[in-house]
Amino acid sequence: MVEIVAKTRDFLTDVVEELKKVTWPDWPQLKNATLVILVFVLIVAGIIWLMDLGVRGVLGVIMDVFTR
């Protein structure tokens, strides 16, 4: 049990040391990155929506051919 506590303490100490090395983004960098991500997500969502429309159209044609 003592070994687990010691390992956990060592791990948490290492985590704190590594977090001190991190360079955190400032507010303008954070806003810019957020905007880029939002635009990217919207573009990907649009592409998926268009692909869905295409597949739905093709499946509709196939269903029409085989249900007549």
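- A search for side-chain contact (heavy atoms from CB on, under 4.5 Å) contacts involving Leu42 returns nothing, not counting sequence neighbours.
- Gln29 meets the side-chain contact (heavy atoms from CB on, under 4.5 Å) test with Pro25, Asp26; sequence neighbours excluded.
- Checked against side-chain contact (heavy atoms from CB on, under 4.5 Å), Val44 has the following partners two or more places apart in sequence or in another chain: Phe40, Ile48.
- Sorted by first and then second residue, the salt bridge (Lys or Arg N to Asp or Glu O under 4.0 Å) pairs involving residues 41-50 (not counting sequence neighbours) form an empty list.
- The salt bridge (Lys or Arg N to Asp or Glu O under 4.0 Å) pairs that include a residue from residues 1-11 are Glu3-Lys7, where partners are two or more places apart or lie in different chains.
- Residue pairs meeting the salt bridge (Lys or Arg N to Asp or Glu O under 4.0 Å) criterion with at least one partner in residues 42-51, sequence neighbours excluded, are absent.
- Legend: side chain to side chain donor-acceptor pair (under 3.5 Å) pairs involving residues 13-23, not counting sequence neighbours, sorted by first then second residue: Glu18-Lys21.
- Note on residues 30-53: pairs passing side chain to side chain donor-acceptor pair (under 3.5 Å), not counting sequence neighbours, are Asp52-Arg56.
- Sorted by first then second residue, the salt bridge (Lys or Arg N to Asp or Glu O under 4.0 Å) pairs that include residues 36-47, not counting sequence neighbours, number zero.
- Here Val39 sits in one hydrophobic cluster together with Leu35, Ile43, Ile47, Met51; the rule is ILVMFWY side chains under 4.5 Å apart, joined directly or through other members.
- Connectivity analysis of hydrophobic side chains (ILVMFWY, heavy atoms under 4.5 Å, direct or indirect) links Trp27 to Leu30.
- Summarising the hydrophobic clusters (Ile, Leu, Val, Met, Phe, Trp, Tyr; side-chain heavy atoms under 4.5 Å, direct or chained), the residues clustered with Phe11 are Leu12, Val15, Leu19, Val22, Trp24.
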